[in-house]
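Below is one structure, written out as structure tokens; comments come after it.
Computation of the quantities below employed the complete heavy-atom set of this structure, encompassing side-chain atoms and omitting hydrogens, waters and symmetry-equivalent molecules. First the proteins, then the strands, lettered A, B, ... as listed; each starts at 1.
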Protein chains: 2
Amino acid sequence: MSTLTAGDRPARPYHHGNLRPALLAEAVRVLAEGDAASLSLRELARRLGVSHAAPYRHFADKDALLAAIAQQGFELLVAQVEAAAAQHPDEPARELADTGWAYVRFALHQPQHFQVMFGRGAPPATAYPEVLAAGQQAFGRLLRVIEDGQRAGRIVSGEPRELAVAAWSQVHGLAILLLDRQLPVVDEAECEALVRRCVQIQQVGLGR
Amino acid sequence: MSTLTAGDRPARPYHHGNLRPALLAEAVRVLAEGDAASLSLRELARRLGVSHAAPYRHFADKDALLAAIAQQGFELLVAQVEAAAAQHPDEPARELADTGWAYVRFALHQPQHFQVMFGRGAPPATAYPEVLAAGQQAFGRLLRVIEDGQRAGRIVSGEPRELAVAAWSQVHGLAILLLDRQLPVVDEAECEALVRRCVQIQQVGLGR
DNA sequence: ACCTGAACACCGTTCAAGT
DNA sequence: ACCTGAACACCGTTCAAGT
């Protein structure tokens with residue numbers, strides 16, 4: 001009874017060794033169906049066939065679990081933005097537009113991560129230095145696009161950090177409003193069109 | 001014992017009549033110290049000296065209470081944006097900048113309302129038609145600024161709704177990032193400078 | 001009409017104790 | 001080293017019963 005014969009599959013494969021990654025993966029799965037507030041450590045433990053106290057061996061508390069997911073998210077975001085920016089390195093306008101759309105697409109495709117990274121029940125990033133660092137790396141990537149564009153004479157001169165904040169806040173706002181369903185958009189194609197149009201407006205200028 | 005003499009103050013003034021507004025006011029007070037997730041109906045009831053079941057006489061559930069606060073928030077926002085926009089009706093660039101700053105200032109000064117209106121544990125606006133309508137009224141106010149500017153020849157031509165979305169997402173992104181402390185800003189003066197600079201960048205155009 | 005008290009099914013977190 | 005089980009102090013929500 002207490003030993004497994006060859007044909008048996010262990011009923012709870014997470015008992016030893018990989019509970020931490022299993023908790024993270026399961027959390028992302030649960031987040032896909034709800035928000036961070038309705039995610040519970042007890043439910044994760046239940047799903048993984050482990051006692052409700054077991055997660056506390058791997059995470060100090062619920063916020064620490066969320067912070068780990070946020071960090072993961074920033075790494076994914078950096079990778080995707082990087083890939084988008086790399087496609088047209090000598091067309092700054094297009095590079096910026098692709099970068100912006102990659103940002104919003106990430107928010108729409110990985111809402112679980114995005115929601116934990118920003119807004120709602122997200123743990124205050126300031127309390128988790130690794131998360132803060134991951135976020136700044138993503139910002140740094142955008143900064144490079146701006147600086148390259150300035151060198152190529154295709155982006156207005158000015159403090160690059162300010163221009164990057166302007167560009168970031170634009171796409172960040174779009175991502176949030178789209179996720180909150182505050183904009184009348186039905187499918188992803190419409191999303192992309194809207195985002196590219198807004199980025200274009202920002203490039204050309206709203207005033208006259 | 002069971003009657004109040006002239007000098008007595010009733011220990012629980014909310015027992016009859018005004019529990020609903022009292023709950024809303026107390027909720028805003030509690031939200032000032034935490035987020036929507038950590039607001040509890042039981043705590044509100046406790047603070048108001050009422051049983052934990054009493055709130056359910058006035059709100060179907062916790063989300064309904066939050067939706068009522070969100071609606072209040074949209075009304076406040078519309079009033080403040082309206083006041084800002086009215087100051088320089090014949091200088092569209094300035095009007096747009098003032099409107100944008102009024103939006104972000106609202107988010108910074110009334111974070112309790114802003115958080116419930118957008119993101120985090122906010123009740124899905126789609127479930128509360130009054131909230132949706134209040135939000136659209138705010139958007140409509142911005143739309144008017146854009147259209148007036150176009151008529152005056154100071155804002156680029158194009159679909160006004162698209163231009164309004166671009167402007168909205170810009171300031172909305174700024175508001176969220178500032179509230180999340182993702183931007184290195186220390187006081188309100190710096191916030192205002194940053195917001196006005198971003199709005200200016202959007203007006204002049206990022207590209208060249 | 002409005003409020004109470006008990007009840008149910010949940011949480012996060014801690015801690016002694018087990019293997 | 002990692003996990004369990006009981007325990008504590010909370011939740012949201014419902015419902016019979018009180019005034």
Measure from the side-chain N and O atoms of B/Q150 to the backbone N and O of B/G158, and report whether any donor-acceptor pair falls under 3.5 Å. yes
For B/L23 and C/dC2, give me the distance from atom CG to atom P, rounded to whole Å. 13 Å
Enumerate, in order of first residue number, the stems that involve DNA chain C, defined as 3 or more consecutive Watson-Crick or G-U wobble pairs with both distances under 3.5 Å. C:4-8 with D:12-16, C:12-16 with D:4-8
B/F59 CZ - C/dC3 C1' separation (whole Å): 16 Å
Flag yes if more than 12 heavy atoms outside B/R141 fall under 6.0 Å of its CZ atom; otherwise flag no. yes
Are OP1 or OP2 of D/dG5 and a side-chain N or O of A/S51 less than 4.0 angstrom apart? no
Classify the ring geometry between A/H172 and A/F118 as parallel (under 30°), tilted (30 to 60°) or perpendicular (over 60°). perpendicular
Are the charged groups of A/E26 and A/R29 less than 4.0 angstrom apart, N to O? yes
B/A54 has a side chain; which of D/dC11, C/dC3, D/dC3 sits nearest to it? C/dC3
Once you measure the plane-to-plane angle for B/F114 and B/Y103, does it fall in the parallel (<30°), tilted (30-60°) or perpendicular (>60°) bin? perpendicular
Nearest whole angstrom, please: distance from the C1' of C/dC2 to the CG of B/L48. 15 Å
Rounded to whole Å, how long is the line connecting atom CZ of A/R20 with atom P of D/dA1? 17 Å
Rounded to the nearest 0.5 Å, what's the gap from CG on B/L44 to CG on B/L39? Could you check? 5.0 Å
When we call it a touch if two heavy atoms are under 4.0 Å apart, what does B/R46 touch: a base, just sugar-phosphate, or nothing? sugar-phosphate
Hits for salt bridge (Lys or Arg N to Asp or Glu O under 4.0 Å) against A/E190, two or more places apart or cross-chain, chain-then-number order -> none
Would you find a donor on one side and an acceptor on the other, under 3.5 Å apart, between the side chain of B/Q203 and the backbone of B/A93? yes
Give B/L65 one of three labels, base, sugar-phosphate or nothing, depending on what nucleic acid heavy atoms sit under 4.0 Å from its own. nothing
For A/R47 and C/dC11, give me the distance from atom CZ to atom P, rounded to whole Å. 11 Å
Please list, for nucleotides 13-19 of chain D, all pairs of protein and nucleotide N/O atoms separated by less than 3.5 Å.
residue : atom : partner : partner atom : Å
D/dT13  : OP2  : B/Y56   : OH           : 2.9
D/dT13  : OP2  : B/K62   : N            : 3.1
D/dT13  : O5'  : B/Y56   : OH           : 3.4
D/dT13  : O4   : B/R42   : NH1          : 3.2

N/O (side chain, B/H58) to phosphate O (OP1/OP2, C/dA1) under 4.0 Å: no
Within a 6.0 Å radius of atom CD on A/Q137, are there more than 12 heavy atoms belonging to other residues, nucleotides or ligands? no
